There are 2 protein chains.
Amino acid sequence: MSYLYLTDFLNLKEISSDLQQELQTCIQVKEVKKGEIIISKGDLKHKKFYVRNGLLRSYIIDSKGREHIYMFAPEGWVVSDLVSLTGNQPAIMFVDALEDSTLEVIDDERIWKLKDRFPELMTSESDRMLRRIAVLQQRVIMLLSASAQERYEAFLTKYPDLIQRIPQKMIASYLGVTPEALSKIRANMSKS
Amino acid sequence: MSYLYLTDFLNLKEISSDLQQELQTCIQVKEVKKGEIIISKGDLKHKKFYVRNGLLRSYIIDSKGREHIYMFAPEGWVVSDLVSLTGNQPAIMFVDALEDSTLEVIDDERIWKLKDRFPELMTSESDRMLRRIAVLQQRVIMLLSASAQERYEAFLTKYPDLIQRIPQKMIASYLGVTPEALSKIRANMSKS
DNA sequence: TTCATTTCTTAATCTAGATTAATGCATGAG
DNA sequence: CTCATGCATTAATCTAGATTAAGAAATGAA
């Protein structure tokens with residue numbers, strides 16, 4: 001039954017049964033509990049994870065010991081420390097589960113080898129990268145130009161379904177403000 | 001003589017003369033003067049530009065009329081409003097020249113058509129996207145976790161050659177601070 | 001259920017960086 | 001060369017959001 005998820009992961013409408021079968025050997029299903037850490041800073045052979053269901057987050061811990069959330073990954077998203085991973089570097093981020101989740105561990109090297117025979121894999125990867133760039137671009141623009149309240153409002157609009165699933169203090173961290181500041185903003189907003 | 005540049009753009013060591021010839025038809029050299037605007041917000045059929053030499057920047061203008069620099073593009077870089085471009089949307093950014101520059105205007109649709117015959121084009125594009133993601137990731141992390149001074153110091157380290165070429169107020173804009181704040185930071189730094 | 005641990009909220013301060021404003025310097029156009 | 005416009009600097013204020021602290025509400029483990 002995981003064919004469905006793979007197709008989704010690859011963002012391909014049509015997928016040949018040949019490719020389907022090959023891809024089966026490139027993924028491995030993994031169940032994780034809420035709170036479980038999947039990638040730690042320093043990990044060397046970390047992986048890419050497709051979220052079948054549940055919710056993950058990736059975050060850094062800065063030099064002063066503060067946590068900053070880089071992204072959330074609900075169902076359908078892929079998380080990893082992409083930059084470290086492709087550069088064969090130790091991870092600089094942590095990834096953990098905010099909910100019990102079902103993941104597909106992606107064996108990227110194996111998929112890489114299929115690219116000659118299935119060029120559509122390249123297209124799919126480009127698509128996914130472009131979407132990541134779009135998210136990051138928007139994030140940079142918001143951090144540069146919008147107030148804390150504006151960033152929160154944009155988050156509400158963009159990810160309305162995530163609000164109920166993520167503790168406020170983590171949304172605050174994602175937005176680059178303290179939990180206290182976000183609380184004040186919310187109080188203000190509900191007044192007017 | 002522009003073969004050299006194309007090869008560089010594609011990030012390929014070896015390039016077949018067949019591909020080389022095809023690529024010639026996909027680029028067009030363009031000279032721009034300092035101050036010239038190359039992409040404006042709202043533009044529909046905007047392009048991708050490879051900077052052969054010179055220096056460009058891309059920036060947005062927010063709802064309050066403030067300018068925020070999204071990136072600088074010195075020689076060897078590619079600029080465009082990538083997200084809008086691939087989504088066939090009107091540009092949300094401006095791109096202009098900070099120095100007289102020589103550009104290669106890239107006809108992406110035409111290159112796209114070559115991808116079946118030259119799969120190495122896909123690899124090259126993926127590489128470039130990944131590097132863009134790496135830059136954006138670092139930018140988000142800095143904006144979330146570092147003080148204005150720390151961001152400036154990181155900029156100095158990462159782009160030492162750009163300092164002399166870019167007015168201070170534009171570096172300030174890139175870092176997300178006012179020119180006055182950056183000036184104070186620099187005064188502080190030179191004291192100690 | 002009960003207790004302990006987080007999370008959220010409110011409030012009093014504090015501070016990095018914004019705003020405003022004035023001055024001296026470059027730089028480029030004529 | 002001269003003037004005008006924009007750039008960098010300094011300084012006086014102001015403010016969004018940080019910090020600190022404490023209590024209330026929610027969550028979770030035993």
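Every value quoted in this text rests on a predicted model; they were computed, and no experiment measured them. Letters A, B, ... mirror the listed sequences (proteins, then strands); counts begin at 1.
- Distances shown here put every side-chain N or O of B:R186 at or beyond 4.0 Å from the OP1 or OP2 atom of D:dC7.
- A donor-acceptor contact shorter than 3.5 Å links the side chain of B:S101 to the backbone of B:E99.
- For the pair B:R139 and B:Y174, the distance from NZ or CZ to the six-membered ring centre is under 6.0 Å and the angle to the ring normal is within 45 degrees.
- The side chain of A:R66 places an N or O atom within less than 4.0 Å of a non-bridging phosphate oxygen (OP1 or OP2) of D:dT19.
- Once rounded to the nearest 0.5 Å, the distance linking CD of A:Q137 with CG of B:D81 reads 6.0 Å.
- If you chain together hydrophobic residues whose side chains sit under 4.5 Å apart, B:M142 and A:M142 never meet in one group.
- Atom pair B:N188:CG and C:dG17:C1' shows a separation of 12 Å (rounding to whole Å applied).
- Here C:dA29 presents its P atom at 11 Å from NZ of B:K33, a figure rounded to the nearest Å.
- For DNA chain C, the neighbouring residues in residues 146-173 of chain B, judged by any heavy atom under 4.0 Å, are B:S147, B:A148.
- B:E180 places its CD atom 11 Å from the P atom of D:dT9, with the value rounded to the nearest Å.
- Contact annotation: A:K184 side-chain N/O to C:dC8 OP1/OP2 distance is not under 4.0 Å.
- Residues B:K34 and B:T178 each lie close to DNA chain C; by heavy-atom proximity, the contact nearer the 5' end of the strand is made by B:T178.
- Among the protein residues, A:G35 comes within range of no part of the nucleic acid, since none of its heavy atoms lies under 4.0 Å from any strand.
- Salt bridge present: A:E22 and A:R117 bring a charged side-chain N and a carboxylate O closer than 4.0 Å.
- With hydrogens and angles ignored, the 3.5 Å screen pairs no side-chain donor or acceptor of A:E104 with any backbone N or O of A:Y50.
- Summarising the geometry, the separation between CG on A:L98 and P on D:dT27 is reported as 15 Å, rounded to the nearest angstrom.
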With ring-ring contact (aromatic ring centres under 6.0 Å, His included) as the test, would you mind laying out the steps for B:Y59 and B:Y70 before giving the verdict? CA-CA 5 Å; B:Y59 61 98; B:Y70 176 65; over 10 Å; no
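- A straight line from CD1 of A:I185 to C1' of C:dT9 spans 14 Å, rounded to a whole angstrom.
- With rounding to whole Å, B:K64 atom NZ is found 12 Å from D:dA16 atom P.
- For C:dC8, neither phosphate oxygen OP1 nor OP2 lies less than 4.0 angstrom from any side-chain nitrogen or oxygen of A:S183.
- What separates CG of B:L182 from P of D:dA11 is a distance of 17 Å, to the nearest Å.
- Regarding A:M189, its CE atom lies at a distance of 16 Å from the C1' atom of C:dT9, rounded to whole Å.
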